[in-house]
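Written below as structure tokens is the structure these notes are about.
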There are 2 protein chains.
Amino acid sequence: MTTLSHPFEQFAERVLPSTLGEDVRCGFHMLARCHPLAREASLDFAERSEQIVFVVRGATKLVAHASESRDQVVAFHFAGEVFTVPEPDNYSYSVCALRECELLTFASPEFLRLAEGEAEIMRQLLDSTKLSLRRCREKTIALGRKTAGERVAVFLLGMARRIGVEQDGRVALELPMSRRDISESLGLTIETVSRQLSKLKDDGVIETTGRSGIVLLDCPDLQRRAGFLKRTA
Amino acid sequence: MTTLSHPFEQFAERVLPSTLGEDVRCGFHMLARCHPLAREASLDFAERSEQIVFVVRGATKLVAHASESRDQVVAFHFAGEVFTVPEPDNYSYSVCALRECELLTFASPEFLRLAEGEAEIMRQLLDSTKLSLRRCREKTIALGRKTAGERVAVFLLGMARRIGVEQDGRVALELPMSRRDISESLGLTIETVSRQLSKLKDDGVIETTGRSGIVLLDCPDLQRRAGFLKRTA
DNA sequence: GCGCGGCATTGATCTGGATCAAGGAGTTCA
DNA sequence: TGAACTCCTTGATCCAGATCAATGCCGCGC
């Protein structure tokens, strides 16, 4: 990845087809808003229309505000991902930086007007929306039917697939989110998440280093603890 | 609505643009599979690719199977709606008829190949996927952060908007799903749902008639009980 | 390096909703 | 129209995870 290129270039390379006409490309460029975000800073779209967000660099959480001091982390998103922030209705949503971050945002109606004729972009948008939907449904299953231990196992396996580094069977993770973020994502409390992680450590399934480092020592065991369907291999 | 027309006609009228070429339209027709479903019958896509489903008539639930006897109702869908059933991964999904039903299904990859050049259809598909995503996120918030009482209130208000009949301030509902379906949707037990409904009845917020009839007498009160953000009117 | 502040862990207690266990009321079908 | 089945409601008890309360430890700033 060319780390020093302009944010829009990164977006274009990832999302826009190379055959795209210069005028349309320019339209997207005009529409793009760049947001450098410090750690813990958040983007609030309270008054605005649906937004399309591209994570140029860093890691983010999409948070829904149910009421004072009751936030639900709806999703985590990492560099290179595209996602949609709904306009506020029963809840208001905001995007918060887990680490220092660079985001590109587009007002959705204008984006769609530009993209409508471009089959490739529409396809990309549909794909990323379907990916979000799939993840959200899996979260629904976890929150509706799983125990604390299962939820934590599901979380670790999901993060391993997305940001893990495999090395001889083990997977090393550098979690960008705090225990609070994890608990607000899993519908648990900080204490319960901590206890479950301690239990996994005691059982020799994971190792932790500092606050954010986790090594998954036994993924098959975690898989069993996650309460997934038995793979009908 | 012309109740006796062929299922595919209903789909075409709702989803396909009137300007669509006869050959493409014919392609969709070839791809469509019609499924008349009796009450409680379900369509299982265990071995197949992602599916696009159109509800011609009736009411359905999308169910995820987490493990034996632990099902989560991911969504309800009513006549005229389009939704996507993911291909099985950690969970397997099925669509189940709440009442006698008629469904039209399409294998997603083939559908997309046909739709790719048709901006209007892609737009519709994106819109219905975003609607599913929005509802799924709201469910996530409910399951992650809300009490039993709040979840039931959210459920009733949601159903009121979708299948309620308003008459002088009250909203009459004829729920097509059982208490079990509701509990599996809200991540609760049958008993808890029943108790919460009884409480609402005692408090004069709703009235029930038979097993499936519910009248919402005081929607503002329900709104308060749902634990939504205060509307910053 | 060292001390400070916030995050994480660990322990003790409490509680909302699950589970277990009967009854009661709607539907259906003879 | 009534018998039987299924679904729903209501009550009693239990428990996973929340809440309350210290303590410990990492990481930053000086």
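Computed from a predicted model, the values in this text were never measured in an experiment. Lettering follows sequence order; numbering is per chain, from 1.
Counting only heavy atoms from C-beta outward, the side chains of B:P176 and B:F78 approach each other to under 4.5 Å.
Less than 6.0 angstrom separates the ring centroid of B:F106 from the ring centroid of B:F11. The ring of B:F228 has its center closer than 6.0 angstrom to the ring center of A:Y91.
Below the 3.5 angstrom threshold, one finds no donor paired with an acceptor across the side chain of B:R195 and the base of C:dG16.
Residue pairs meeting the salt bridge (charged side-chain N to carboxylate O under 4.0 Å, His left out) criterion with at least one partner in residues 176-187 of chain B, sequence neighbours excluded, are B:K61-B:D181, B:R180-B:E184. Applying the side-chain hydrogen bond (donor to acceptor under 3.5 Å, both in side chains) test to every pair with at least one member in residues 77-86 of chain A, sequence neighbours left out, gives these pairs: A:H77-A:E81, A:E81-A:R162.
Interface residues of residues 196-215 of chain B facing DNA chain C, ordered by number: B:G210, B:R211; criterion, heavy-atom separation under 4.0 Å. Residues from residues 177-193 of chain B with heavy atoms under 4.0 angstrom of DNA chain C, sorted by number: B:G187, B:L188, B:T189, B:E191, B:T192. Of the residues in residues 139-157 of chain B, none lies under 4.0 Å from DNA chain D by heavy-atom distance.
For the side chain to side chain contact (heavy atoms under 4.5 Å, CB included) test, residues two or more places apart in sequence or in another chain that qualify with B:T189 are B:E191, B:T192. For B:E207, the side chain to side chain contact (heavy atoms under 4.5 Å, CB included) partners two or more places apart in sequence, or in a different chain, are B:R170, B:V215, B:L217. Qualifying side-chain hydrogen bond (donor to acceptor under 3.5 Å, both in side chains) partners for A:S185, counting only residues two or more places apart in sequence or in other chains: A:K139. In this structure B:S42 satisfies the side chain to side chain contact (heavy atoms under 4.5 Å, CB included) test together with B:C96, sequence neighbours excluded.
Separation of atoms CD (A:E138) and CG (A:L133) is listed at 10.5 Å; rounding is to 0.5 Å.
A donor-acceptor pair shorter than 3.5 Å cannot be found between the side chains of A:E87 and A:S49.
At its two ends the helix from C:dG1-D:dC30 to C:dA22-D:dT9 runs along axes set 50° apart, each axis drawn from five pairs and the angle rounded to 10°.
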Worksheet item: Stepwise, does the side chain to side chain contact (heavy atoms under 4.5 Å, CB included) test hold for B:L222 with B:L216?
Response: CA-CA 8 Å; B:L222 260 185; B:L216 311 189; 3.8 Å; yes
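For DNA chain D, the span of nucleotides reached by chain A at under 4.0 Å from its heavy atoms goes, 5' to 3', from D:dG17 to D:dG27.
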Scan the side chains in residues 97-105 of chain B for donor-acceptor partners under 3.5 Å anywhere in the protein, sequence neighbours excluded, and list what turns up.
residue : atom : partner : partner atom : Å
B:E102  : OE1  : B:R57   : NE           : 3.4
B:T105  : OG1  : B:H35   : NE2          : 2.9

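Here A:D202 does not pair with A:K199 in a salt bridge; the nearest charged N to carboxylate O distance is not below 4.0 Å. Salt bridge status for B:R145 with A:D71: absent, with no side-chain N to carboxylate O gap under 4.0 Å.
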